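Report on the structure given below.
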Amino acid sequence: MNKHSPTPVNPNANKVTTGTENAGMQNWSLGRVLLHKPLALICGGFLLLVILGAIFAPLVAPYPPNALDLQNALSGPTAHHLLGSDELGRDVLSRLLYGGRRVFPGVLEGVLTALILAVPIGILAGYFGGILDRLVGAITDALLSIPTIILVLVVIAIFPKNSHAAMITFGTLVSPGLIRIIRGETLPLKDADFVSAARVTGVSDLQIMIRHILPGVIRIVIVQGSFIAASALGYMVALGYLGLIASSGEAEWGQMVASAGALLNRQPWLLVPSGGLIGLIVLAFTLFGNALRDASAETIAATPGPVSRGSSPLERTAQPQGFSPGPSNKLLSLINLSVAFSSRSRDILAVDNISFDVNPSEIVGLVGESGAGKSITSLAILRLLPNAARIVNGQIMFDGRNITGMNDSEFDRLRGSSFGLVSQEPGTSLDPAFTVGSQLGELVHLHDGVNRKGSRSRCLDLLNQVRIRKPEQLLTMYPHEISGGMAQRVAIAMALAGRPKLLIADEPTSALDVTVQKEILALLRQLQLETKMSVLIVTHNFGAVADLCDRVIVLYAGQIFEEANVFELFDRPLNPYTKGLLLANPSNAQPGQPLPIIPGRIPSIGSWPTNCRFAERCPYAADECLAGPIPLLALESERKSRCIRVDDLRKEGIL
Amino acid sequence: MLKIIGRRLLVSLPLVLIVSMLSFFLVLLTHGDPAVVILGMNHTPAEYEAVREKLGLNEPALTRYEHWLEDLGRGDLGVSIFNSEPVLKILKGRSGVTFSLIIVTTIFSSFVGIGLGIASAVRRGLLARIVDVTSLLGMALPNFWVALVLIAIFSVSLRFLPAIGYVQPGTSLSGWLKSLVLPVIVLSAPAIGIIGQQTRSSMLEVLDSPYIRTLRAGGLGRSSIIYRHALRNAAISIITIVGLTFVSLLSGTVIAETVFALPGLGGLAVQATSQHDLPVIQGLVLYFTVIVIIVNLIVDVVYAWLNPRIRIS
């Protein structure tokens with residue numbers, strides 16, 4: 001529709017669009033949210049109390065709203081008048097309670113109008129799309145350009161003192177924002193599996209919308225409804241204050257503030273209860289909405305299962321020797337590195353006690369399925385972990401220095417000049433707001449300290465180095481104007497700008513076409529030959545491994561499962577997991593034979609078993625595999641394998 | 001770029017027409033008779049007829065709308081029922097105050113909001129809390145109430161600033177500034193919170209993006225990352241919120257100008273509403289809509305200028 005949403009909603013609220021998040025939505029319930037979110041409970045309880053107070057005002061208010069008590073006029077809070085009294089001695093508490101009877105119906109009218117318009121229109125527009133959607137989009141765009149207040153004033157000018165007309169107008173004018181949100185919420189639901197299934201079995205569109213879509217959007221409707229209520233209340237009291245829907249002296253909250261304003265010199269206290277109550281109610285509506293919104297986001301993000309800390313003392317002693325801070329001929333050494341994601345209550349390990357080295361001029365492959373911890377390991381080396389993640393144990397040595405102990409500014413100096421990064425998505429790895437020349441030039445300037453002309457020639461050198469044919473032309477182009485393969489070459493050029501000793505390539509080809517993949521791999525190999533830098537390549541592509549690497553490290557569920565020279569690994573894997581991966585590699589497929597995939601799924605972070613983490617998928621798992629943590633065993637010719645049955649399986653001829 | 005502006009304007013024209021129609025026909029629904037408003041209760045039927053004839057009230061609605069549109073084309077928005085002044089003249093006379101107020105508030109709240117937003121995105125913790133609380137309180141406390149409290153503190157108790165009234169910048173620049181301080185603070189409070197929150201969330205999102213990672217891995221320092229690259233990309237969504245803030249300030253002035261007795265458009269809207277002065281209200285509706293359209297156009301242009309994907313294609 002429009003490229004920007006002109007409704008000032010939290011951008012996170014708009015993000016609920018992917019399939020996984022819908023899964024979380026299914027088990028969202030208002031009751032459970034209230035139980036788990038004390039703030040929502042407090043706000044909801046407070047609102048209920050105030051609304052009940054208004055409904056039962058004649059029963060609970062200590063005085064009638066207009067009962068005069070001239071002796072105690074402007075008294076401030078006393079035993080007689082808990083919240084004080086006004087210039088005629090009228091009890092402020094009672095007037096506030098009665099005032100609720102004016103305000104809440106107006107709020108209800110505003111919210112209901114918005115919901116009655118927005119829910120069906122939003123769902124219809126999202127569900128059917130096409131012309132209807134475009135028409136609704138155009139109308140909502142137009143309505144959003146009209147300042148709400150001024151049309152509300154027009155309506156009041158026509159229907160003087162009529163709060164109903166005013167609030168129905170208000171509801172109508174805020175509905176476009178809500179329509180957009182509901183439409184956005186409907187779009188992914190429309191294509192969800194259960195909806196498609198219903199459609200295939202012949203359920204009518206109307207029934208689908210009522211039974212399947214409506215429950216899916218109800219969450220966002222409640223959240224947005226409570227924000228609209230907050231704003232409706234603001235409107236009611238503002239109109240009351242201006243004397244447009246209430247006459248002066250009436251027991252109406254806005255008017256009470258207005259008369260308190262007039263008595264500012266004599267009794268400033270009067271401003272406190274009226275303004276305070278309005279503020280608290282608006283706050284309660286807003287926080288209630290926030291809490292519901294956050295609660296649904298949290299059910300989505302929640303990770304099941306207890307923490308499994310595989311790094312037990314037993315395992316550490318079982319680690320083979322040679323993992324102590326190594327001799328300085330290693331360029332990079334990871335020593336017992338563990339990385340965890342911290343949530344509010346606990347740490348969840350993502351990388352569990354990993355140790356390996358990268359030698360100068362060596363190309364090492366880090367392979368495994370998604371979720372094995374490959375990328376997290378590589379980002380930990382660069383100190384570019386996501387915010388929730390941190391290194392909880394271990395050291396990283398680079399060029400003989402412990403870089404885990406460095407402060408940030410020291411570390412910043414290593415970036416670019418000691419190691420460079422090429423990341424997965426070439427489409428998003430270049431800054432979209434700057435030209436190629438501008439961002440590459442900035443890095444060149446940083447590392448070489450050269451002037452504009454020198455910088456340009458170095459940029460052209462770099463682009464030539466990554467085999468770009470018309471580098472001058474490319475310098476003035478923006479990232480969105482170039483192809484994925486080209487962008488990846490530029491990203492490599494940027495990583496090379498500081499002449500790094502180690503290039504970390506995080507799935508550098510996964511997002512590219514097969515032909516482009518080959519070119520990029522060839523490029524990396526040539527660059528390595530030219531520059532003699534080391535390369536750590538993270539990939540799940542065994543073709544890339546075979547093409548490029550000297551040595552391979554296989555990761556599974558945060559642990560190293562096998563480490564070997566590339567020829568030996570392909571020739572003879574010494575771990576059932578590696579064997580499974582190699583067999584499942586499409587390039588090994590036999591015509592007419594189904595590809596032998598590994599059954600099951602990699603256990604997700606936070607639900608790793610204490611025994612062999614691959615056991616439940618392993619065709620050769622035995623009782624001993626389930627007995628406890630499996631050590632990483634050192635084997636011949638500097639190979640390592642985390643399989644307790646490796647000797648048995650070799651004897652049986654399986655490995 | 002010109003294409004963007006052209007397309008925007010093309011879409012806007014029917015909108016102005018729709019709004020004008022809406023306000024015109026809404027007014028026709030009125031139970032109050034403008035002739036009665038002008039004449040008061042004591043009048044002869046002949047006088048009444050004369051006034052109705054003069055105002056063209058006896059013609060069919062569509063014809064009246066046509067006349068009204070023709071007048072509109074000539075820049076004639078009719079005259080105020082209340083004091084017979086031309087509406088356009090009234091609007092012009094009142095614009096200065098409102099624009100001073102809105103522009104100063106937008107600039108002030110953008111600076112503070114974007115500053116707080118960046119700082120709280122980079123540092124998190126306490127500052128982020130401050131932005132959240134400011135934004136919540138700014139939204140929750142009714143602005144007329146905040147205004148009264150500020151008057152109580154700064155004007156009544158401390159006597160720092162004038163409680164109400166407006167000084168022309170031509171008369172006294174310091175007087176003008178002083179008369180704007182409290183209204184600007186009142187209007188800024190929610191705006192700072194909204195801009196601050198948007199800035200923080202956009203900055204956090206951008207700082208988490210792969211291209212920032214590429215640039216950081218390449219060795220760029222914090223200041224270039226934050227101010228050159230992250231802010232530039234986050235600005236695309238911040239500018240949208242700043243535009244929205246400007247528009248919502250139009251509504252805010254209705255209250256602020258009434259509380260502080262500033263002779264602007266917002267105050268005029270309230271006055272005209274309570275006086276049932278429909279030509280003035282109609283004029284205001286159109287005027288406000290045109291302002292919103294212009295602001296949206298400016299936002300679109302800045303947006304396109306910041307976003308090479310749109311600028312180039």
Side-chain angles (χ1 to χ4, degrees), chain A residues 4 6 8 10-12 142 145-151 153-158 160 234 237-238 241-244 257 260-261 264-265 268 271 275 278-279 282-283 286 382 384 412 415-417 420-421 423 425 428-433 439 442-443 446-447 478 480-481 491 494-495 497-498, chain B residues 15 18-19 23 26-27 29-30 136 139-142 144-145 148-149 151-152 156 194 201-202 208-211 213-221 224 229 232-233 237 240-241 244 247 250-251 254-255 258 269-270 272-274 276 278 281 284-285 288-289 292-293 296 303 306 308-309 312:
Chain A
H4 54 262
N10 186 318
N12 296 328
S145 305
I146 305 173
T148 313
I149 187 95
I150 196 78
L151 270 201
L153 289 184
V154 172
V155 169
I156 294 175
I158 296 165
V237 294
Y241 172 84
L242 293 172
L244 296 176
V257 176
L264 208 53
N265 293 326
L271 271 179
I278 298 166
V282 176
L283 205 59
T286 310
L382 292 161
L384 288 175
D412 275 345
R415 290 206 175 107
S417 56
L421 170 72
S423 53
E425 284 282 344
T428 54
S429 61
L430 303 179
D431 187 337
Q439 43 197 310
E442 195 178 354
L443 289 177
L446 177 82
H447 291 295
Y478 283 92
H480 72 274
E481 298 175 286
M494 286 177 68
Chain B
L15 179 65
I18 292 169
V19 171
S23 73
L26 265 177
V27 166
L29 287 175
T30 181
L136 267 178
M139 216 156 48
L141 295 172
F144 52 88
W145 185 82
L148 290 172
V149 171
I151 291 176
V156 179
I194 292 168
S201 68
S202 310
D208 210 28
S209 65
Y211 55 85
R213 192 184 277 167
T214 308
L215 293 166
R216 282 185 68 193
L220 285 194
S224 171
H229 294 278
R232 173 66 187 270
N233 282 284
S237 55
T240 309
I241 289 291
L244 279 173
V247 171
L250 282 176
S251 304
V254 169
I255 293 284
T258 307
V270 176
T273 304
S274 35
H276 211 65
L278 294 169
I281 299 226
L284 275 168
V285 171
F288 273 32
T289 308
V292 173
I293 288 171
N296 284 343
Y303 191 98
L306 282 172
R309 261 164 289 196
I312 287 172

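Here is how names work: the chains are called A, B, and so on, in the same order as the sequence lines, proteins then strands, and each is numbered from 1. All figures in this text were calculated on a predicted structure; none of them were measured in a lab.
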Donor-acceptor contact below 3.5 Å, side chain Gln439(A) vs main chain Asp431(A)
yes
For Pro432(A), which atoms come within 4.5 Å of any heavy atom of chain B: side chain, backbone, both, or neither?
both
With a 4.5 angstrom heavy-atom cut-off, is it the side chain or the backbone of Thr286(A) that approaches chain B, or both, or neither?
side chain
Answer whether the closest heavy-atom distance between the side chains of Arg213(B) and Asp208(B) falls below 4.5 Å.
no
Which bit of Val247(B) is near chain A, if near means a heavy-atom gap under 4.5 Å: side chain, backbone, both or neither?
neither
With side chains defined as the heavy atoms from C-beta onward, is the minimum distance between Leu283(A) and Met139(B) less than 4.5 Å?
no
Please step through side chain to side chain contact (heavy atoms under 4.5 Å, CB included) for the pair Leu148(B) and Tyr241(A), ending with a clear verdict.
CA-CA 12 Å; Leu148(B) 290 172; Tyr241(A) 172 84; 4.2 Å; yes
Side chain, backbone, both or neither of Leu153(A) within contact of chain B (heavy atoms, under 4.5 Å)
both
For Ser274(B), which atoms come within 4.5 Å of any heavy atom of chain A: side chain, backbone, both, or neither?
both
Give the C-alpha distance, both sets of side-chain angles, the deciding distance and a yes or no for side chain to side chain contact (heavy atoms under 4.5 Å, CB included) between Thr258(B) and Phe144(B).
CA-CA 9 Å; Thr258(B) 307; Phe144(B) 52 88; over 6 Å; no
Below 4.5 Å from any heavy atom of chain B, which atoms of Ser423(A) appear? Answer side chain, backbone, both or neither.
side chain
Using a cut-off of under 4.5 Å on heavy-atom pairs, state which of Ile156(A), Asn265(A), Leu382(A), Leu244(A) scores highest against chain B.
Leu244(A)
Heaviest contributor of heavy-atom pairs below 4.5 Å to chain B, chosen from Ala491(A), Ser429(A), Pro268(A), Ser417(A), is Ser429(A)
Out of Val270(B), Thr273(B), Ile255(B), Ile281(B), return the one with the most heavy atom pairs under 4.5 angstrom to chain A.
Thr273(B)
Side chain / backbone / both / neither for Leu446(A) at chain B, heavy atoms under 4.5 Å:
side chain
Let me know if Leu264(A) has heavy atoms under 4.5 Å from chain B in its side chain, its backbone, both or neither.
side chain
Looking at Thr289(B), Leu136(B), Leu250(B), which has the largest count of heavy-atom pairs under 4.5 Å with chain A?
Leu136(B)
Between Leu244(B) and Ile194(B), does a side chain to side chain contact (heavy atoms under 4.5 Å, CB included) hold up when you go through it step by step?
CA-CA 10 Å; Leu244(B) 279 173; Ile194(B) 292 168; over 6 Å; no
Applying a strict 4.5 Å limit to non-hydrogen atoms, the region of Ala495(A) in contact with chain B is neither
Output yes when a side-chain donor or acceptor of His447(A) lies under 3.5 Å from a complementary backbone atom of Ala497(A), and no otherwise.
no
Any side-chain to backbone donor/acceptor pair from Trp145(B) onto Val257(A)? Under 3.5 Å, distance only.
no
Quick check for you: among Ser251(B), Ser224(B), Ala272(B), which has the greatest number of heavy-atom pairs under 4.5 Å with chain A?
Ser251(B)
Polar side-chain atom of Arg415(A) near backbone of Leu220(B) as donor-acceptor pair, under 3.5 Å:
no
